[in-house]
Number of protein chains: 2
Amino acid sequence: MTEFLDLHSRTSKALRAAAEAGMQRHGLHLGQNHLLAILWERDGRTPGEIAAAVNVTTPAVVKMAGRMADAGLITRRRDDRDNRLVRLWLTDAGRALRGPIETERRVLEQKVTENLTDTERGHLMSALAKVYQSASDLLGGTIPAG
Amino acid sequence: MTEFLDLHSRTSKALRAAAEAGMQRHGLHLGQNHLLAILWERDGRTPGEIAAAVNVTTPAVVKMAGRMADAGLITRRRDDRDNRLVRLWLTDAGRALRGPIETERRVLEQKVTENLTDTERGHLMSALAKVYQSASDLLGGTIPAG
DNA sequence: CCGAGATCGTGTACCGGTTAACGACTTGCT
DNA sequence: AGCAAGTCGTTAACCGGTACACGATCTCGG
């Protein structure tokens, strides 16, 4: 029963583990690369902005940023104009990871899909997109019907 | 970049959230249904057995079992013959959830794949299976090459 | 029969994520 | 000017998962 859900979650776990292993080769933990990717694109963003971009809650970003600051990948600095805001800046170490991490990620994507033909890959992407859409709709439709 | 990985993880998150919502309607947390499913099939298993069956580490099962025992879904009892072993037994409350939870899960699977034709669903399953295989191979292949 | 090793559950310390509560700071309106 | 309301980051308490260390217990060989 629930063939698809089971297969998907098993796949999810395997991919997660593979990604984790790949990231750890560069001293990163899973998820931190997403945060870095945002900062690579543009420095000095706030936790809230990053959270929205990565589709995660703000506290998650705050905690992760704390660990990454301890690890010397980024620094936290208060905004001068609006003192509520905190802005995250890359350190040289954080900036230096860009190339290696992006490569690592590309390689993983390639390895994981290497047994698929182009057609299969296309089917997979479009079907997955539909599932994603349905699942998102399900979540959004939770509030109504008062 | 990394189209597939991104789409998959987004889908994963949406499915996870949807499953969580569904389970909470019955007072369960995500993941607990897997543990219950094992016990529904056969009572009195050990944390180690369950961990292997669900493909999770033993401490994860121990912690979850603790919470579920507190919630009155299962009870823990030491094995008489081998005192190292602990066996988990369903309470009436835990047993009663079987029908509702299995239905909930089937409904979710159906809703999430309802926009797929049979062909699409078949393609999705087989492609996902290949990805799963590749990812698993990647993990297994971490040790060698000394 | 007894000690070395294997086995098993548990505790601790992590990571990543969530929701809810909180305090500090801005803004907007009177 | 000053206060109410909104915005923002942080903290705390959860859940699920991992790796690692530990102590209790069983088993098997001498």
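Chain letters run A, B, ... following the sequence lines, proteins first, then strands; residues in each count from 1.
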Within the structure shown, what part of the strands sits under 4.0 Å from Val86(A) by heavy-atom distance: base, sugar-phosphate, or nothing?
->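 Touches sugar-phosphate only.
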Which residues satisfy the salt bridge (Lys or Arg N to Asp or Glu O under 4.0 Å) test with [X], sequence neighbours excluded?
X        : result
Glu41(A) : Arg45(A)
Arg98(B) : Glu102(B)
Arg84(A) : Asp82(A)

What are the 5'-most and 3'-most nucleotides of DNA chain D lying under 4.0 Å from any heavy atom of chain B?
->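 First and last nucleotides in contact are dC15(D) to dC26(D).
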Could you identify which residues of [range] place a heavy atom less than 4.0 Å from some atom of DNA chain C, listed by residue number, or say none?
range                     : answer
residues 49-61 of chain B : Thr58(B), Pro59(B)
residues 37-44 of chain A : none
residues 74-85 of chain A : Arg81(A), Asp82(A), Asn83(A), Arg84(A)

All pairs passing ring pair (Phe, Tyr, Trp, His ring centres under 6.0 Å) where residues 8-35 of chain B contributes a residue, at least two apart =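 Sorted pair list: His8(A)-His8(B), Phe4(B)-His8(B).
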Only pairs at least two apart or in different chains count here, so list each ring pair (Phe, Tyr, Trp, His ring centres under 6.0 Å) that has a residue in residues 94-134 of chain A.
->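 Qualifying pairs, neighbours excluded: His123(A)-His123(B).
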Between Asp92(B) and Arg95(B), does a salt bridge (charged side-chain N to carboxylate O under 4.0 Å, His left out) hold up when you go through it step by step?
-> CA-CA 5 Å; Asp92(B) 289 345; Arg95(B) 215 170 281 114; 3.1 Å; yes
From the 5' end of DNA chain C to its 3' end, which nucleotides mark the outer limits of contact with chain A, defined by a 4.0 Å heavy-atom distance cut-off (strictly under)?
-> dC15(C) to dT26(C)
Side chain to side chain contact (heavy atoms under 4.5 Å, CB included) with Leu30(B): which residues, sequence neighbours excluded?
-> Arg16(B), Ala19(B), Glu20(B)
Tracing side-chain links under 4.5 Å among I, L, V, M, F, W and Y, which residues wind up in one group with Ile50(B)?
-> Met23(B), Leu28(B), Leu35(B), Leu36(B), Ile38(B), Leu39(B), Trp40(B), Val54(B), Val56(B), Val61(B), Met64(B), Met68(B), Leu73(B), Ile74(B), Val86(B), Leu88(B), Leu90(B), Leu97(B), Ile101(B)
Lys/Arg-Asp/Glu bridge criterion (N-O < 4.0 Å) met for Arg67(A), Asp70(A) |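 Looking at Arg67(A) and Asp70(A), the cut-off is not met.
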